[in-house]
Colleague: 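Please see the structure below; I have some questions.
Just so you know, these numbers come straight off a predicted model, no measurement behind them.
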Amino acid sequence: MLSFCSLLYKEVFRVWKVGFQTVLAPVLTALLYLLIFSHVLAQHVEVYPGVHYTAFLIPGLMMMAILQNAFANSSSSLIQSKITGNIVFVLLAPIAYWEFLAAYVLASMLRGLVVGIGIYLAALWFAQPPMLFPLWIILFAVLGSAMLGSLGVVAGMWAEKFDQLAGFQNFIIMPLTFLSGVFYSIHSLPPFWQALSRFNPFFYMIDGFRYGFFGVSDISPWVSLTVVGGCMLGLMLLSLGLLKSGYKLRY
């Protein structure tokens, strides 16, 4: 347990040491999205009856930032440790594989959730979305950040250089988040794209998260919960299996 606490402290301290980059920068980016899209579309789009478009955007931007930052935290930490060679000190420590995974995922969850809260507080100046079901909000935020933190561990082990990790983020994570309903409801799409969106696990995270605010969603929140929970469990088992095998960590 001491090894776990030490690794968790190291990962959390790494985030706060460059807090301007890891927390404030994503909040500013989300506010720019909110400012631009709300200014352009607020008077022309009403996604849900009685829900202003600016308020509709806020939960989507929050979850998008939570997911992207949770992934970035664990993946960047692992690739840096591999490239600099200090990963050997973690591997030689008396720490169980599940503790190794838990420390990286928890630190990623913390960063993602702090960024999400920061976006919500800053966005209150633009609109004040209601929180009809706060437990659903917390549940999807926790599950989503844990899922992307686990995926970040997988990507960090797989990548051998920063270019590969950047490609993973730019060609997989970024498109999946932008095409998941952050800026729109899938019911506004043609039937083919609606059906295709249902194969995107990020859609279920954002739709379920948004349900907690407005009590309205494109699909049942229970379906979203099942998909997100299953994906999170699968990715955690995958990352744990890769850690046990020493995949690209032990040469």
Colleague: Output the distance between atom CZ (F71) and atom CZ (F168), rounded to the nearest 0.5 Å.
Modeller: 5.0 Å
Colleague: Working to the nearest 0.5 Å, report the span between NZ of K82 and CD of E160.
Modeller: 6.5 Å
Colleague: For a side chain to side chain contact (heavy atoms under 4.5 Å, CB included) check, start with the C-alpha distance between Q68 and L148, then their side-chain angles and the critical distance, and finish with the verdict.
Modeller: CA-CA 8 Å; Q68 290 179 347; L148 268 292; over 6 Å; no
Colleague: For residues V227 and W222: do they belong to one hydrophobic cluster (side chain heavy atoms under 4.5 Å, members Ile, Leu, Val, Met, Phe, Trp, Tyr)?
Modeller: yes
Colleague: For the side chain of K248 and the backbone of W158, is there at least one donor-acceptor N/O pair under 3.5 Å apart?
Modeller: yes
Colleague: From L8 CG over to L110 CG, what is the distance, rounded to the nearest 0.5 angstrom?
Modeller: 8.0 Å
Colleague: Please assess D218 against S185 for the test side chain to side chain donor-acceptor pair (under 3.5 Å), listing each intermediate value before the final yes or no.
Modeller: CA-CA 7 Å; D218 291 333; S185 166; 2.7 Å; yes
Colleague: Would you find a donor on one side and an acceptor on the other, under 3.5 Å apart, between the side chain of R111 and the backbone of V15?
Modeller: no
Colleague: Check for a donor-acceptor pair, side chain of R210 on one end and backbone N or O of S217 on the other, with a separation under 3.5 Å.
Modeller: no
Colleague: Short question: side chain of S77, backbone of N73 - any donor-acceptor pair under 3.5 Å?
Modeller: no
Colleague: Got a donor-acceptor contact below 3.5 angstrom from the S197 side chain to the I186 backbone?
Modeller: no
Colleague: Applying a strict under-4.5 Å side-chain criterion to I, L, V, M, F, W and Y, I'd like to know whether Y204 and F199 cluster together.
Modeller: no
Colleague: I'd like to check the ring pair (Phe, Tyr, Trp, His ring centres under 6.0 Å) partners of Y247; sequence neighbours left out, ordered by chain and number.
Modeller: none
Colleague: Quick one: sort the F213 and F209 rings into parallel, tilted or perpendicular, breaks at 30° and 60°.
Modeller: perpendicular
Colleague: Measuring from atom CZ of F126 to atom OG1 of T54, what distance do you get when rounded to the nearest 0.5 angstrom?
Modeller: 8.5 Å
Colleague: Evaluate D207 against F140 for side chain to side chain contact (heavy atoms under 4.5 Å, CB included), listing each step before the verdict.
Modeller: CA-CA 9 Å; D207 195 59; F140 277 100; over 6 Å; no
Colleague: Donor-acceptor pair, distance only, cut-off 3.5 Å: does the side chain of R198 make one with the backbone of F203?
Modeller: no
Colleague: If we ignore angles and hydrogens, is there a donor and acceptor under 3.5 Å between the side chains of S3 and E99?
Modeller: no
Colleague: Would you please test I79 and Q164 for side chain to side chain contact (heavy atoms under 4.5 Å, CB included) and show each step?
Modeller: CA-CA 10 Å; I79 191 68; Q164 291 177 329; over 6 Å; no
Colleague: Nearest 0.5 Å please: distance from the CD1 atom of I66 over to the CE atom of M147.
Modeller: 14.0 Å
Colleague: When rounded to the nearest 0.5 angstrom, what distance separates CD1 in I119 from OH in Y33?
Modeller: 11.0 Å
Colleague: Between the side chain of Y104 and the main-chain N/O of S75, is any donor-acceptor distance below 3.5 Å?
Modeller: no
Colleague: Assign the ring pair F133 / Y211 to parallel, tilted or perpendicular, where the plane angle (0 to 90°) is split at 30° and 60°.
Modeller: parallel
Colleague: Yes or no on side chain to side chain contact (heavy atoms under 4.5 Å, CB included) for I117 and Y120, after CA distance, side-chain angles and deciding distance?
Modeller: CA-CA 5 Å; I117 293 172; Y120 177 78; 5.6 Å; no
